Amino acid sequence: MEMDKKLRHYNDIRRVVMVVDDEPINQEMLGFILKKDYEVVLASNGEEALEKIRSRKRTLSMILLDLNMPVMDGYRLLEILREDEELKYIPVIVLTAEDGAEVRCLELGAVDFIKKPYNVPSVILARVRRAIELSEDNRIIQDAEQDELTGLYNRVFFFEYASQMDPFQEKGETDAIVINIDHFHLVNELYGRIYGDQVLQAIADGIREFMDENRGIACRCDGDMFYIYCPHQKEPAAILDVIRRHLEKLPDDSRIRLRMGVYAKAAPDELMERRFERAKLACSTVRGKYIEPVACYDVSMSETEVLSERLVNDLKRGLDEKQFKVWFQPKYAIQGEQPQLSSAEALIRWDHPEFGMISPSVFIPLFENNGLVQKLDHYVWAEAGRWIASWKSKYGFTVPVSVNISRVDMYDPRLKEKILTILEENHLTPEDYLLEITESAYSDDLEQLIHIVEELRVLGFMIEMDDFGAGYSTLNMLTVLPVDVLKLDMQFVKNATSDRKNYRLVELMKDIARFLEVPIVAEGVETKEQCEILQKIGFDLVQGYYFSPPLPPEEFEKLIKKEVDRKGAEIC
Ligand code: C2E
Ligand code: CA
Ligand code: CA
């Protein structure tokens, strides 16, 4: 429909046609024939023509080109046009008196010939018109096939052509490859959409360069997802190297992290969509893995997928049957003479009747995508509230417990009400109850988040920024973020003892906390050496296996008792 409309408009626009000929008499004759129907631009040699073509680009509908000219002849100009991504679409009709030039000119991309001398004007006009119509039809079809931003195919045409390509592959061995950008929405948010577009274009350029050498076709679909269908690659990671070379031309390219999934050597009868589903699944397994961001599909990935589905289905029953447990991991204050139990973090566990204890890093991400995590979080908050209250009344003092707030919880309009109800039911105050919000949640919708967090702080809650350093906060952002405690991402602690640079990084994090005037917690502390380093740098609190793993409530209670005894001994 759209295409018909465009075609019918041939007569509505006055198109621009260029005549390139060194003979003034030829220029004059052709100009005379064409000017009734077209805007005519003249050039006397290839060089002059090229300059004018470049300044007009897509507004030029056709070039009539003489072959023998001084400075730059018609063959050279054809070569240059054919190699130029933008100019290669302008149709060229060659003007020639010689026989035998046709084949070479066709190879160089000419669409037609007009014989000199020009004695039948109506034939010339008809051929020019036909060539322009053909090229415009082609262009319209290409526009429909292409993703406007990158020039790669769009999804629909990609699948169409990929299926057609199969019979032509040598030995039939092909790969379905998916490339995705980690946290692309953050790139857009932090650096702006224009920069985001440049990133997508650079990736497309890299893919094109790869395909020039290796054949294959590619498309962009779903924003930051690229599909490549190509002959089997022994080292698919090489594609990322080519792309990275294009990304390096952009400022701040080190922030752009790509990941890649490969479904290699598919059986010829396998559906194209299914092959890419598998490549996508492989790609999702390397999310956030910066060192080896390439995965090839294997059957176990489908098994993981099946398990994931099972867990999603089992959630409701798990909650009803109280299969979920809340464990507590202590945090110790380390700046005094002796480490002192200061607070704890509530961490969920799933005691599944068939699979046994499942780690939250397996099931939480599954429930984050479909909103089910809110149910779990609410369960943990309520359980934590109950335990804090029972210890508070039993021992006469509070060991504050922090609970994890998922990013979806942050957008729940009833968040405040839900937490306050738990406090009320257990006769607790906000000082008994800390809230951990992961740093990356802050980059979703900064303004709204600040607003919600401020409301919670007004009520008296302390907000701990979890996984600090792993997200994308800039120093500027940090100064406006409402937080009361920074909780350093575990990775920093892991690396702190490896070399001077990593040690310095941890010091820097402490400096940021000092600048923001908030205490800083380290988690994932496993060794004495790590603990001593953190103490020296000035960390206030430490959580990790060095002191204790997360414990069932009855076990954790023993630590409280110990603390009570220690305090008692101090008083005596
Ligand atoms: P997180 O909030 O960063 O929690 C810290 C994780 O580090 C916990 O893993 C804890 O067991 C582990 N950990 C503690 N000390 C050490 C150590 O010395 N070395 C190492 N290698 N790990 C240590 P866990 O319990 O498996 O939880 C994983 C993640 O699952 C949590 O990371 C959190 O993001 C999420 N999670 C856990 N419970 C909940 C919950 O109730 N709600 C929500 N929304 N997320 C939760
Ligand atoms: Ca946490
Ligand atoms: Ca954490």
Side-chain angles (χ1 to χ4, degrees), residues 287-288 311 315 318-319 323-332 334 343-351 356-387 400-412 415 418-419 422 433-442 462-471 483 485-497 509 520-531 533-534 539 541-553 555-556:
R287 181 168 291 143
L311 295 182
L315 172 74
L319 281 169
Q323 293 165 7
F324 291 95
K325 313 280 177 226
V326 178
W327 286 19
F328 296 85
Q329 185 174 34
K331 300 178 192 175
Y332 281 87
I334 53 166
S343 51
E345 177 177 7
L347 291 157
I348 192 163
R349 298 286 175 268
W350 189 351
D351 193 0
M357 264 316 173
I358 314 174
S359 152
S361 14
V362 172
F363 61 85
I364 292 281
L366 299 178
F367 300 142
E368 263 167 355
N369 296 333
N370 47 25
L372 293 173
V373 76
Q374 279 184 276
K375 280 208 174 85
L376 276 187
D377 281 347
H378 193 255
Y379 175 80
V380 176
W381 303 342
E383 281 292 288
R386 230 170 35 78
W387 283 106
V401 170
S402 61
V403 294
N404 289 287
I405 311 272
S406 295
R407 60 177 69 196
V408 269
D409 297 321
M410 296 306 294
Y411 299 100
D412 177 357
L415 172 71
K418 282 178 181 170
I419 297 180
I422 292 170
Y433 210 80
L434 302 167
L435 309 177
E436 289 192 16
I437 301 171
T438 175
E439 183 198 356
S440 56
Y442 281 85
M462 298 263 275
I463 310 291
E464 216 167 290
M465 188 196 262
D466 202 358
D467 310 323
F468 171 64
V483 285
V485 183
L486 293 181
K487 188 171 191 184
L488 188 65
D489 187 63
M490 236 180 266
Q491 212 53 39
F492 290 92
V493 175
K494 212 171 238 154
N495 300 334
T497 45
M509 295 294 159
I520 184 162
V521 187
E523 66 178 329
V525 180
E526 295 180 353
T527 65
K528 188 162 187 260
E529 189 192 2
Q530 287 170 339
C531 190
I533 281 179
L534 293 164
F539 275 66
L541 296 174
V542 154
Q543 176 183 346
Y545 299 162
Y546 174 60
F547 284 112
S548 163
L551 299 169
E555 292 294 314
F556 179 72

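All values reported here derive from a predicted model rather than from experimental measurement. In each ligand, atom 1 is the first atom listed, and ligand 1 is the first ligand listed. Start at 1 with the first residue, then count along the sequence.
In terms of polar-atom proximity, defined here as any N/O pair under 3.5 Å, Lys494 makes no such contact with ligand 1. Considering backbone and side-chain atoms together, Ser406 places an N or O closer than 3.5 Å to an N or O of ligand 1. Residue Glu345 has at least one N or O atom closer than 3.5 Å to an N or O atom of ligand 1. Considering backbone and side-chain N/O atoms, Val373 never comes within less than 3.5 Å of an N/O atom of ligand 1.
With hydrogens left out, the protein atom closest to atom 43 (C) of ligand 1 is Asp377 OD1, 3.2 Å, a heavy atom. Counting only heavy atoms of the protein, atom 6 (C) of ligand 1 lies nearest to Met490 CE, 3.6 Å. At the shortest separation from atom 30 (O) of ligand 1 among protein heavy atoms lies Pro360 CB, 3.6 Å. Here the heavy atom of the protein found nearest to atom 11 (O) of ligand 1 is Pro550 CG, 3.3 Å. Here the heavy atom of the protein found nearest to atom 41 (O) of ligand 1 is Val380 CG2, 3.4 Å. At the shortest separation from atom 15 (N) of ligand 1 among protein heavy atoms lies Gln329 NE2, 2.9 Å. The nearest heavy-atom contact from the protein to atom 38 (N) of ligand 1 is Ile348 N, 3.2 Å. Scanning the protein for heavy atoms near atom 18 (O) of ligand 1, the closest one is Tyr545 N, 2.8 Å.
Looking at residues two or more places apart in sequence or on another chain, you find a side-chain contact (heavy atoms from CB on, under 4.5 Å) between Ala346 and Val326, Phe328, Val380, Ala384, Val401, Val403.
Under a 3.5 Å cut-off, the side chain of Ser406 and the backbone N or O of Asp409 do not form any donor-acceptor pair.
Of all the heavy atoms of Asp466, the ones lying under 4.0 Å from any atom of ligand 1 belong exclusively to the side chain. Here Leu347 has heavy atoms under 4.0 Å from ligand 1 in both its backbone and its side chain. Residue Val403 does not touch ligand 1, judged by heavy-atom distances below 4.0 Å. Contact annotation for Gln543 and ligand 1: no heavy atom of the residue comes within less than 4.0 Å of the ligand.
Contact atoms of ligand 1 toward Val525: 18 (O) (distance under 4.0 Å to a heavy atom of the residue). Those atoms of ligand 1 with a heavy atom of Glu526 less than 4.0 angstrom away are 17 (C), 18 (O), 19 (N), 20 (C), 21 (N). Taking every non-hydrogen atom of Asp467 and a distance limit under 4.0 Å, the qualifying atoms of ligand 1 come out as 3 (O).
Counting only distances under 3.0 Å, and ignoring water, the protein N, O or S atoms around the Ca ion (ligand 2) are Glu345 OE2, Asn404 OD1, Glu436 OE1, Asp466 OD2.
The aromatic rings of Phe363 and Phe367 sit tilted, their planes meeting at an angle between 30° and 60°.
Met509 has its side chain within reach of Phe492: a pair of non-hydrogen atoms, C-beta onward, lies under 4.5 Å apart.
Neither side chain, Lys487 nor Ser402, offers a donor N or O lying under 3.5 Å from an acceptor on the other.
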